[in-house]
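Residue numbers begin at 1 in each chain, while the letters A, B, ... track the order of the sequences.
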Protein chains: 2
Amino acid sequence: MLTSPALRSAAMTRSLHDDVAGRLEAAGQRYTSSRRQLVAQLGDLERPHAIAELLELDGSQPQSSLYRNMAVLEEVGVVRRLQGADDVARFELAEDVTGHHHHHLVCTSCGTIDDVEVSPAVEDALHEAVSSARRERGFRTDVHRMELLGTCARCHD
Amino acid sequence: MLTSPALRSAAMTRSLHDDVAGRLEAAGQRYTSSRRQLVAQLGDLERPHAIAELLELDGSQPQSSLYRNMAVLEEVGVVRRLQGADDVARFELAEDVTGHHHHHLVCTSCGTIDDVEVSPAVEDALHEAVSSARRERGFRTDVHRMELLGTCARCHD
DNA sequence: TTTACTGCAAAGGGTTTGCAACATG
DNA sequence: CATGTTGCAAACCCTTTGCAGTAAA
């Protein structure tokens, strides 16, 4: 079993913005229109995107503001930053706010990162590995992530 | 089950260098003393290291040569480049030449990446995910990697 | 009306590259 | 001796930051 993320409904979008607003307020930060717009944009996208890609999709906000807002949103746990195969960071809404646990398919040809869900059996195995790391190495895991590196369908045709 | 990589014996080191020499020759590249020294150094280290760290351990080779040799060795499949939690690349000998399949514990506090082996049950689960990705997404996986992100024992005391 | 945010441009930091000298097969 | 390699320094590119002006609570 392996599915794409579910699309967010209007109601989910509303609660998403409420959640984000609350997190920002708790940190003494403001939920400005540019940040709201950025969160909405990330919510519409079905996979992590780089700053340059976001700029291309919507150039209403300069690069530096995009970086700064992304840093703030990451700080309060709304956004997650990914380092893929290349050296550009890609961003997605954090699982804490989407409630959508997933992993990634990383294309080493074009750099694209796609979301992917895996079966409960695989998740169980990952949790076992997390427990072992803590027991045997004293390593405290925040998140586990599984990444499959290879070439996406778009690249190998 | 979860163990550290086995140390390489003198015999393994010999065959390692033969392997590397062959791969470089096949690519029309030379196995110079600086490259040999670099491979030996990576073979002695028990976890991936950044260029800056390698320079500190052995400054006999300038940064640019280190980067260039690392790129060549990566090209012929001797070295694997990892992008960890921070934005510095770390390098290790590729599994093809060590025969040592493993995953990584990534410390989000100090950036250190440690090798870790997981149980056959976990490996089986990972293979299942690889198969699903190919079947359902047309994603051709070169390598699967599992990374646990958190804080290492050194950092949380 | 205080504090955070924006936008521009400049600086940072890891990585790559041009070029002339060198070394290896 | 032809071709790959080295070393220095400059260039590159993604990302961050200083600062003056602006907007939000």
(message) Side chains of H102(B) and E95(B), heavy atoms from C-beta outward: is any pair under 4.5 Å?
(response) yes
(message) Considering every strand and a 4.0 Å limit on heavy-atom distances, what is the contact class for A50(A): base, sugar-phosphate, or nothing?
(response) nothing
(request) Please report, rounded to the nearest Å, how far the C1' atom of dT16(D) is from the CD atom of E75(A). (result) 14 Å
(request) Could you go through the side-chain contact (heavy atoms from CB on, under 4.5 Å) check for V79(A) and L38(A) one step at a time? (result) CA-CA 10 Å; V79(A) 156; L38(A) 178 51; over 6 Å; no
(request) Please report the closest heavy-atom contact between Y31(B) and L24(B), naming both atoms and the distance. (result) CD1-CD1, 3.4 Å
(message) For a quick test of reading the model, state the closest non-hydrogen atom pair linking V106(A) to F139(B) and the distance between them.
(response) O-CZ, 3.3 Å
(request) Would you indicate whether the side-chain heavy atoms of R154(B) and T112(B) approach each other to under 4.5 Å? (result) yes
(message) Counting C-beta onward and ignoring hydrogens, is there a side-chain heavy-atom pair between R145(B) and R80(B) closer than 4.5 Å?
(response) yes
(message) Measuring from the side chain of N69(A) (C-beta onward, heavy atoms only), which nucleotide among dT6(C), dC14(D), dG14(C) has the closest atom?
(response) dT6(C)
(request) May I ask you to test the V118(A)-E123(A) pair for a side-chain heavy-atom distance under 4.5 Å? (result) yes
(message) Any non-hydrogen side-chain atom of M70(A) less than 4.5 Å from a side-chain atom of R81(A)?
(response) no
(request) Identify whether any heavy atom of A52(B) sits under 4.0 Å from a base atom; if not, whether one sits that close to sugar-phosphate; answer base, sugar-phosphate or nothing. (result) nothing
(message) Whole angstroms only, please: what is the CE-P distance between M70(B) and dT17(C)?
(response) 16 Å
(request) Compare side-chain N and O positions of Y67(B) against OP1 and OP2 of dT15(C) and report whether any pair is under 4.0 Å apart. (result) yes
(message) I want to check something: taking the side chain as every heavy atom from C-beta on, are L45(B) and E53(B) in contact at a cut-off of under 4.5 Å?
(response) no
(request) Provide, to the nearest angstrom, the distance between the CD1 atom belonging to I51(A) and the P atom belonging to dC13(D). (result) 18 Å
(request) Would you kindly give the CZ-to-P distance between R36(A) and dA23(D), to the nearest whole Å? (result) 19 Å
(message) Rounding to 10°, can you tell me the angle the first-five-pair axis of the helix from dT1(C)-dA25(D) to dG25(C)-dC1(D) makes with its last-five-pair axis?
(response) 30°
(message) If I take atom CD in residue E53(B) and atom C1' in nucleotide dG13(C), what distance separates them, rounded to the nearest angstrom?
(response) 16 Å
(message) Between C1' on dG14(C) and CG on D86(A), what's the gap in Å once rounded to a whole number?
(response) 15 Å
(request) Measure the distance from CD on Q83(B) to P on dG14(C) and round it to the nearest whole Å. (result) 13 Å
(request) For DNA chain D, find the residues of residues 57-66 of chain A with a heavy-atom distance under 4.0 Å and give them by number; none if there aren't any. (result) Q63(A), S64(A)
(message) Using side-chain heavy atoms (C-beta onward) and a distance below 4.5 Å, is E92(A) in contact with H104(A)?
(response) yes
(request) Answer whether the closest heavy-atom distance between the side chains of V20(B) and R35(B) falls below 4.5 Å. (result) no
(request) Check DNA chain C against residues 24-35 of chain B and give the residues with a non-hydrogen atom under 4.0 Å, in numerical order. (result) R30(B)
(request) Measure the distance from CZ on R68(B) to P on dA11(D) and round it to the nearest whole Å. (result) 16 Å
(message) Does E25(A), at its CD atom, have more than 12 non-hydrogen atoms belonging to other residues, nucleotides or ligands within less than 6.0 Å?
(response) no
